[in-house]
Asks: 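Following this message is one structure expressed as structure tokens.
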Amino acid sequence: MTLERDLLLASISDYLEQLGEEGLDGLETRPQPARPAAPESFPVSAENAGSPRPAAGALPVSPVSAPAAAAGFSGALFSPYPGLAKTCTLEELREFIGDCKRCKLAQYRTHLVFGTGNPRARLMFVGEGPGAEEDAQGEPFVGRAGRLLTDIIERGMGLRRADVYICNVIKCRPPENRNPEPDEVAACQPFLDRQIDLVSPEVIVALGTFAAQALFNERTPISRMRGQWREVRGIKAMPTFHPAYLLRSPADKRLVWIDIREVMKVLGLVSPRGSGG
Ligand code: URA
């Protein structure tokens with residue numbers, strides 16, 4: 001028997017063993033659960049305002065996109081957490097994560113900071129990880145940087161914070177706000193992937209170096225990545241500066257605004273030529 005055949009047989013046998021453990025998670029063809037009726041609050045751009053209003057629920061929330069569903073499907077085959085792909089709602093996902101002890105950050109946290117906002121949002125923001133205030137309150141982006149993010153969403157984009165979905169790459173605060181370590185990211189990233197698949201937004205905004213590098217799996221500095229569309233799990237994604245960086249370097253708010261305008265164009269919130277909205 002050739003070495004190649006040995007290796008192939010070994011990997012097939014590993015794969016069958018994993019399927020056995022997961023109870024054929026990865027082969028699941030169950031349709032997505034029906035989504036609740038959408039809120040009516042997602043603003044429309046000035047030029048859209050005159051057009052016939054779409055049926056309630058058609059604008060504010062995103063449909064389950066085929067690429068995201070596909071990403072969820074294929075991602076499930078090799079999920080490190082058997083059963084993760086069976087979670088069909090954010091509530092089920094949160095329950096699945098439970099009182100997580102899958103990495104060493106568990107011992108330091110007050111609250112696991114899962115995510116917040118519209119579970120069917122068209123727009124999702126992904127930050128790095130909770131800071132002190134987020135750890136204390138159990139909600140992402142509620143400190144100073146969070147207030148700036150809320151301003152960007154509400155005053156800049158004309159949306160309500162509750163209309164978008166906000167979460168982080170890692171769900172527990174690292175001690176002294178140090179950078180998350182690779183094993184911590186590896187333990188948490190499957191949950192972010194599942195959050196993305198379940199919310200299935202039309203656009204993701206990656207906030208800062210860490211989120212961008214984790215989401216796009218590349219080491220390019222944020223200063224070079226920002227403003228350039230990427231794709232994550234079949235979804236358009238825009239890297240931009242982190243609001244905490246903007247607190248230190250307010251002159252760069254101008255660049256974030258350029259990136260946010262691109263996001264707004266894709267969502268139909270301003271004219272593609274950039275003059276309206
Ligand atoms: N910074 C982040 O990246 N996430 C938060 O939730 C708060 C601050």
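For ligands, and for the atoms within them, numbers begin at 1 and follow the listed sequence. Just so you know, residue 1 is the first one in the sequence shown, and it goes up from there.
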Asks: Given Phe141, Phe125, Phe210, which has its nearest heavy atom closest to atom 8 (C) of ligand 1?
Replies: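 Checking each option, the heavy atom nearest atom 8 (C) of ligand 1 is found in Phe141.
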Asks: When you measure from the side chain of Gln228 to the backbone N and O of Pro239, does any donor-acceptor pair fall under 3.5 Å?
Replies: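 No.
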Asks: Output yes when a side-chain donor or acceptor of Arg194 lies under 3.5 Å from a complementary backbone atom of Leu93, and no otherwise.
Replies: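 Absent.
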Asks: Any nitrogen or oxygen of Pro130, main chain or side chain, under 3.5 Å from a nitrogen or oxygen of ligand 1?
Replies: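 Min N/O separation from ligand 1 is not below 3.5 Å for Pro130.
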Asks: With atoms numbered from 1 as shown, which atoms in ligand 1 lie under 4.0 angstrom from a non-hydrogen atom of Pro140?
Replies: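 Contacts of ligand 1 toward Pro140, numbered from 1: 6 (O).
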Asks: At under 4.0 Å between heavy atoms, is it the side chain or the backbone of Glu134 that contacts ligand 1, or both, or neither?
Replies: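 Under 4.0 Å from ligand 1, Glu134 contributes side-chain atoms alone.
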Asks: Any ion pair linking Glu262 and Lys265 (charged N to carboxylate O, less than 4.0 Å)?
Replies: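 Salt bridge: yes.
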Asks: Could you tell me whether the side chain of Gln189 and the main chain of Ala214 form a donor-acceptor pair under 3.5 Å?
Replies: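 Confirmed, Gln189 side chain pairs with Ala214 backbone.
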Asks: Is a side-chain donor or acceptor of Arg94 paired with a backbone partner of Gly98 at a separation under 3.5 angstrom?
Replies: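 It does hold such a pair.
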Asks: Just jot down the ligand 1 atoms closer than 4.0 angstrom to any heavy atom of Gly127, in number order.
Replies: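 Numbered from 1, ligand 1 contributes 3 (O).
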Asks: Considering non-hydrogen atoms of the protein only, which is the closest contact for atom 5 (C) of ligand 1, and what is the distance?
Replies: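 Looking only at protein heavy atoms, the one closest to atom 5 (C) of ligand 1 is Gly129 O, 3.4 Å.
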Asks: So does Ile196 get a backbone contact from the side chain of Tyr165, meaning a donor-acceptor N/O pair under 3.5 Å?
Replies: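 No; judged by distance alone, with no hydrogens or angles, the pair does not exist.
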Asks: Would you call His242 a ligand 1 contact, heavy-atom distance under 4.0 Å?
Replies: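 It does, in that a heavy atom of His242 comes within the 4.0 Å cut-off of ligand 1.
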Asks: List the closest protein heavy-atom neighbour of atom 4 (N) of ligand 1: residue, atom name, distance to the nearest 0.1 Å.
Replies: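 Protein heavy atom with the smallest distance to atom 4 (N) of ligand 1: Asn168 OD1, 2.8 Å.
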